[in-house]
Protein chains: 2
Amino acid sequence: MSVTIYDVANKANVSMATVSRVINGNTNVKPATRQKVMNAIEELGFRPNAVARGLASRKTTSVGVIIPDISNMFFAELARGIEDIATMYKYHIILSSSDQQKNKELDLFDKMLEKQVDGIIFIGSAITEEHIEAFNRSEVPVVLAATVDESSKLPSVNIDYYSAMKDAVQFLISNKYESIGFVASPLNIHANAMKKQGYLDALKDHQLPENEELIFNGDDTYQSGLEAVRHFLHLNNKPSAVLASSDEMALGVIHGAQDAGLNIPEDLTVIGFDNTRLAKMVRPTLSTVVQPMYDIGAVSMRLLTKLLKGEEVDQQQVTLPHRMITRGSTSEK
Amino acid sequence: MSVTIYDVANKANVSMATVSRVINGNTNVKPATRQKVMNAIEELGFRPNAVARGLASRKTTSVGVIIPDISNMFFAELARGIEDIATMYKYHIILSSSDQQKNKELDLFDKMLEKQVDGIIFIGSAITEEHIEAFNRSEVPVVLAATVDESSKLPSVNIDYYSAMKDAVQFLISNKYESIGFVASPLNIHANAMKKQGYLDALKDHQLPENEELIFNGDDTYQSGLEAVRHFLHLNNKPSAVLASSDEMALGVIHGAQDAGLNIPEDLTVIGFDNTRLAKMVRPTLSTVVQPMYDIGAVSMRLLTKLLKGEEVDQQQVTLPHRMITRGSTSEK
DNA sequence: GTGAAAGCGCTAACAG
DNA sequence: CTGTTAGCGCTTTCAC
């Protein structure tokens with residue numbers, strides 16, 4: 001059996017309360033006493049038991065992170081942002097992948113509450129009534145990261161997906177592109193639906209026709225980018241530019257086009273979304289809409305710490321700025 | 001205050017011991033009683049408190065994972081393997097990035113023990129005496145994943161890095177390549193040193209000269225692949241093939257070469273290492289040595305569960321098979 | 001098959 | 001500034 005606070009108290013000739021005070025940095029301890037205790041801790045190799053602590057204090061200093069898939073670059077970056085801030089505030093991360101399946105999401109949420117996490121960061125797909133109900137029923141704060149709920153009532157950190165995509169389309173239009181293909185990410189996810197709406201509305205704003213053929217529903221994989229471009233190239237009215245809802249699909253589009261003998265950007269201009277590290281790891285390099293994943297993670301964790309400390313938070317729905325980076329895959333006319 | 005086992009006991013008119021039995025699936029409960037308890041649990045919305053449980057049972061059903069950087073594709077894949085098996089065995093994952101800094105690694109290790117994790121999976125850099133000492137001092141099992149300790153005493157899951165790289169070189173040599181560049185990953189990590197040794201020994205086996213100029217010390221980033229090829233192309237004796245210690249660097253090599261006007265594989269053959277998803281996301285597609293990251297994660301977690309259950313494990317040092325996949329970046333002569 | 005009681009290791013009033 | 005005393009919510013003997 002390992003050494004407890006009690007053993008330390010004994011060795012230092014003080015009460016366990018005093019030991020508790022020193023390991024918790026409570027100032028109400030005489031320096032000499034503190035030193036005695038520190039020595040005893042050192043000699044005994046005492047290591048506080050966080051579980052016992054958690055039970056007694058009802059705080060575990062750990063937060064749950066529910067994420068679609070940690071092996072996906074995009075989410076991994078986000079996770080790192082969360083983790084770094086968590087570490088900074090002395091929290092540990094309990095991490096689980098949900099594969100964006102609603103029942104898994106809900107199930108994980110419950111399991112994390114059982115573990116008595118102090119708070120939860122949720123990165124998911126569609127936020128349903130059930131999600132909201134579960135979140136509200138929980139005693140601990142929940143913040144959504146890169147996940148939008150239509151009700152806009154939950155604390156969350158996002159960019160403005162609608163405007164971001166609209167801006168990208170406007171960039172193309174102002175460069176005289178008129179036939180613009182769109183590779184959508186799964187639309188059951190609200191953020192993706194917003195991107196598509198931005199695309200649609202930008203066209204409308206410029207009196208450009210909406211063409212169903214120019215919209216391909218992808219699944220965020222490289223493979224579906226490949227398929228998208230294959231689809232586009234079979235059209236009579238081929239697009240001169242393609243906007244992909246994610247960088248990975250954009251890479252698929254570029255390579256698919258190149259495989260078909262096209263030159264990027266001369267024959268086809270391509271724009272991605274996210275600015276993952278992938279964007280620079282392709283030739284030509286990918287122009288893309290920057291979604292600051294790391295920052296979204298970091299800011300959402302920071303927001304959670306505020307909620308945890310009961311600090312006043314004036315704006316619970318944070319919208320981070322987006323911008324476009326032009327690289328080799330676009331040419332300005 | 002939330003509902004406890006005591007409330008359930010009250011409602012069901014049984015003792016808390018009985019409630020404990022049913023939530024733990026203990027068979028020694030009369031079906032009728034069990035049902036009564038289940039109903040009470042349902043009605044009260046009781047959710048067992050894992051922290052209290054952990055304190056009483058000295059088992060937290062959570063395992064710590066110390067990983068260099070979760071935002072790195074390679075490690076993220078590994079993490080997913082760990083996570084999937086952990087979930088299967090009802091464990092939760094406490095995940096922390098160490099950035100391969102020894103003091104962080106040791107510190108995290110300690111913090112995880114404080115949290116009373118049942119076991120730890122360690123993915124790290126060099127295993128020093130201090131690491132070994134810390135691991136041995138811990139009461140809980142530790143397994144190394146994709147991390148080799150020279151002493152070979154710790155439970156671990158790896159591939160044979162030495163042979164894997166040797167095989168790749170042999171493939172090149174048997175295809176008549178004689179001037180083979182090597183982009184090394186940081187050599188303080190033992191697995192990387194083994195790869196380099198494999199490269200060196202393969203050359204020696206075929207009486208090919210070892211040439212310092214043909215070895216570039218990279219840092220596993222795309223950028224350093226770019227730099228490596230720049231270095232190689234300035235040489236009088238330029239390599240006709242380059243072997244990179246990781247896929248990401250290999251991508252850098254390919255693009256750097258292409259940027260300089262070379263054709264891959266005609267002018268330069270490139271082979272990577274790992275077979276991350278990146279390998280297919282480049283043109284030409286990347287030939288590479290397969291290191292099954294997901295499997296390494298999964299197998300190491302499986303091994304940990306065995307150690308946790310006290311099952312007999314005949315072979316604590318697992319070596320998974322490797323192989324080479326040839327794609328577009330190599331041409332066979 | 002079920003209950004009573006003693007902790008698990010620590011925090012948090014409350015005294016003094 | 002320090003000690004005493006209850007718990008935190010659950011598991012786990014040990015009886016019955």
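A, B, ... follow the sequence lines: proteins, then strands. Residue 1 opens every chain.
Contact of B:Arg21 with C:dG3 (side chain to base): a donor-acceptor pair of N or O atoms is detected under 3.5 Å.
Distances shorter than 4.0 Å separate none of the side-chain N or O atoms of A:Ser15 from OP1 or OP2 on D:dT4. Of the side-chain N and O atoms in B:Ser20, one or more sit less than 4.0 angstrom from OP1 or OP2 of D:dT11. A close approach under 4.0 Å does occur between a side-chain nitrogen or oxygen of B:Arg53 and OP1 or OP2 of D:dT11.
One atom, CG of A:Asn10, and another, P of D:dG3, lie 12 Å apart when rounded to the nearest Å. Between B:Arg58 atom CZ and C:dG7 atom C1' there is a gap of 10 Å when expressed in whole angstrom units. At whole-Å resolution of the value, CG in B:Asn24 and C1' in D:dG9 are 13 Å apart. The NZ atom of A:Lys115 sits 15 Å away from the C1' atom of D:dG9 (whole-angstrom rounding). Straight-line distance from the NZ atom of B:Lys59 to the P atom of D:dC10: 19 Å, rounded to whole Å. B:Leu55 places its CG atom 9 Å from the P atom of C:dC10, with the value rounded to the nearest Å. With rounding to whole Å, A:Asn49 atom CG is found 18 Å from C:dG7 atom P. Taking atom OH of A:Tyr6 as the reference point, atom C1' of C:dG7 lies 14 Å away to the nearest angstrom.
Within the 4.0 angstrom heavy-atom criterion, only backbone atoms of the sugar-phosphate kind lie near B:Thr18; the bases stay farther away. As judged by a 4.0 angstrom heavy-atom cut-off over every strand, B:Val14 is placed among residues touching the sugar-phosphate backbone only.
Residues B:Ser57 and B:Met16 each lie close to DNA chain C; by heavy-atom proximity, the contact nearer the 5' end of the strand is made by B:Met16. Each of A:Thr33 and B:Val19 has a nearest nucleotide on DNA chain D; the 5'-most of these lies closest to A:Thr33. Of the two residues near DNA chain C, A:Ile23 and B:Ala56, the one whose nearest nucleotide lies more 5' is B:Ala56.
Taking CD1 of B:Ile70 as the reference point, atom CD1 of A:Ile67 lies at 8.5 Å (rounded to 0.5 Å).
Within the 4.5 Å cutoff, the side chain of A:Asn136 has no heavy atoms near those of the A:Glu133 side chain.
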Begin from the C-alpha positions of A:Gln35 and A:Asn39 and carry the test side-chain hydrogen bond (donor to acceptor under 3.5 Å, both in side chains) through to its verdict. CA-CA 6 Å; A:Gln35 196 52 54; A:Asn39 291 342; 3.2 Å; yes
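Of the candidates C:dG1, C:dA4, C:dC10, C:dG1 carries the atom nearest the B:Lys30 side chain, counting heavy atoms from C-beta on.
Judged by distance alone, the side chain of B:Thr33 and the main-chain N or O of B:Pro31 form no donor-acceptor pair under 3.5 Å.
Using bins of under 30°, 30° to 60° and over 60° for the plane-to-plane angle, the ring pair B:Phe109/B:Phe135 lands in the tilted bin.
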